[in-house]
Amino acid sequence: MSDFVTAYAPASIGNVGVGFDMLGLALSGAGDRVQARRTDGDSVTVAEVRGLDGKLHPYLSTKADENTASIAAQALWDVHGDAGGVDLKVLKGLPLQSGMGSSAASAVAATVAINALLPSPLAVEELLPFALEGEKYASGGIHADNVAPSLFGGLVLCPDVLLPEIIRLPTPAGVSAVLLYPDLQVNTAQARKALPKSVSTKLWLDQQGLLAGFIHACASGDIELIGRTLRDVIIEPHRKDAVSCFDDVVAAAMRVGALGCTLSGSGPSIFALCKDSDAENIASVMEQACRVGGTACQSWVSSMNAPGACIEA
Ligand code: HSE
């Protein structure tokens with residue numbers, strides 16, 4: 001085992017409510033691991049994919065062209081690798097189709113692990129396009145709002161129009177993220193196809209204003225302004241009905257002091273931002289509201305400055 005390098009990549013909150021496809025937040029406490037080692041082969045292979053229970057994953061493919069980890073790894077190895085191949089072991093810590101950036105975390109962890117095997121490893125900023133190749137396979141489009149925060153940590157602005165450049169945004173002191181994962185599944189590729197192809201100028205202006213205000217609120221530590229701007233007037237109305245507990249969980253979180261509460265990525269996960277001192281209570285109230293409706297769930301509390309992917313000793 002000693003010839004394996006292990007990389008960890010955290011879960012992430014895509015969109016962060018206000019910035020569809022262009023704003024993402026890393027989450028601590030949950031993530032995927034990828035182990036990689038060199039082989040005498042000539043490509044990237046996947047030896048196994050296991051879940052947190054240590055068992056072989058019941059759904060994820062070990063076919064190299066059907067796994068976000070190996071697709072990202074192969075993209076990087078093709079350009080910067082040398083002779084030989086690479087074998088991967090994927091340890092899934094994140095549930096599939098959960099709105100926690102599961103496919104992105106595998107792609108990021110694989111990219112970071114492969115980078116450590118390169119003759120001349122790249123700077124972390126240079127890894128983004130390769131990790132995005134894996135994410136593209138899973139979600140059916142290029143959006144970096146899960147890959148970028150999983151790779152870099154913290155709050156990241158990553159609009160398609162600027163890629164591969166991303167902007168790491170300042171985060172406010174004293175604000176935590178709470179993420180609730182209801183035991184449901186939403187297929188991101190399908191959820192994206194179901195969105196309307198156009199929006200009114202009024203909605204577009206409102207959402208632009210909210211995004212600009214939210215970024216300023218985070219940078220200036222204006223907690224009250226975070227509360228007024230953490231809203232999604234364009235995407236949430238089209239997606240929330242796919243998450244049966246959504247209205248109850250959001251109402252419960254807001255009742256006990258959340259600054260805002262909406263879908264994480266395409267759902268089913270729901271996240272809230274709140275004062276640090278409210279976070280544990282909000283997590284427990286969100287869980288309760290979800291369970292009362294008959295859906296099992298799990299929650300995490302994270303700083304807004306969660307670290308990004310890393311190599312583990
Ligand atoms: N921005 C993506 C979407 C994130 O909302 O479709 C998916 O996790």
Side-chain angles (χ1 to χ4, degrees), residues 9-27 30-32 68-69 72 92-109 128 131-152 155-164 166-167 169 177 179-182 184-199 203-204 207-208 210-211 214-215 230-243 246 250 260-271 300 302 306 308:
S12 54
I13 295 171
N15 305 330
V16 198
V18 279
F20 180 65
D21 275 4
M22 65 181 77
L23 194 63
L25 181 70
L27 190 82
D32 284 358
T68 64
K92 285 300 293 179
L94 298 177
L96 306 186
Q97 304 191 337
S98 59
M100 296 176 68
S102 172
S103 52
S106 289
V108 167
L128 184 71
L132 279 174
E133 285 300 314
E135 172 73 324
K136 189 167 76 178
Y137 171 77
S139 73
I142 288 280
H143 57 91
D145 53 322
N146 289 115
V147 164
S150 183
L151 183 59
F152 300 109
L155 181 65
V156 183
L157 183 67
C158 48
D160 188 33
V161 69
L162 293 183
L163 293 177
I166 58 94
I167 299 159
L169 296 171
L179 182 129
L180 177 95
Y181 159 59
L184 304 167
Q185 292 194 320
V186 171
N187 178 292
T188 297
Q190 284 169 15
R192 293 175 73 77
K193 278 194 198 135
L195 290 173
K197 300 291 169 261
S198 58
V199 293
L203 282 184
W204 175 68
Q207 199 63 52
Q208 273 200 313
L210 291 168
L211 176 59
F214 179 80
I215 290 172
L230 181 52
R231 281 197 292 133
D232 170 7
V233 297
I234 295 183
I235 306 296
E236 182 196 281
H238 298 284
R239 285 182 166 174
K240 72 187 184 85
D241 290 347
V243 183
F246 180 84
V250 172
C261 185
T262 183
L263 288 172
S264 173
S266 56
S269 287
I270 300 167
F271 81 98
W300 290 264
S302 173

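In listed order, ligands and their atoms are each counted from 1.
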May I have the N/O to N/O pairs between ligand 1 and the protein that fall below 3.5 Å, each with atom names and distance to one decimal?
unit_1, atom_1, unit_2, atom_2, d
ligand 1, 1 (N), Asn15, OD1, 2.7
ligand 1, 1 (N), Asp21, OD1, 2.5
ligand 1, 1 (N), Asp145, OD1, 3.3
ligand 1, 1 (N), Asp145, OD2, 2.7
ligand 1, 5 (O), Asn15, ND2, 2.8
ligand 1, 5 (O), Arg239, NH1, 2.7
ligand 1, 6 (O), Arg192, NH1, 2.7
ligand 1, 6 (O), Arg239, NH2, 3.0
ligand 1, 8 (O), Asn146, OD1, 3.0

Is any NZ, NE, NH1 or NH2 atom of the basic residue among Asp232 and Lys240 found under 4.0 Å from an Asp or Glu carboxylate oxygen of the other?
no

NZ of Lys92 to OG of Ser102, rounded to nearest 0.5 Å, is 2.5 Å

Quiz item: Do His143 and Asp160 come within less than 4.5 Å of each other through their side chains, counting heavy atoms only?
Solution: no

Problem - Note, Phe271 side chain near Asn15 side chain (heavy atom, < 4.5 Å) - result: no

Subject >> Exercise: do Ser150 and Ser12 side chains pair donor with acceptor under 3.5 Å >> reply: no

Within a strict 4.5 Å, meaning less than it, do heavy atoms of the Val186 and Leu263 side chains meet? no

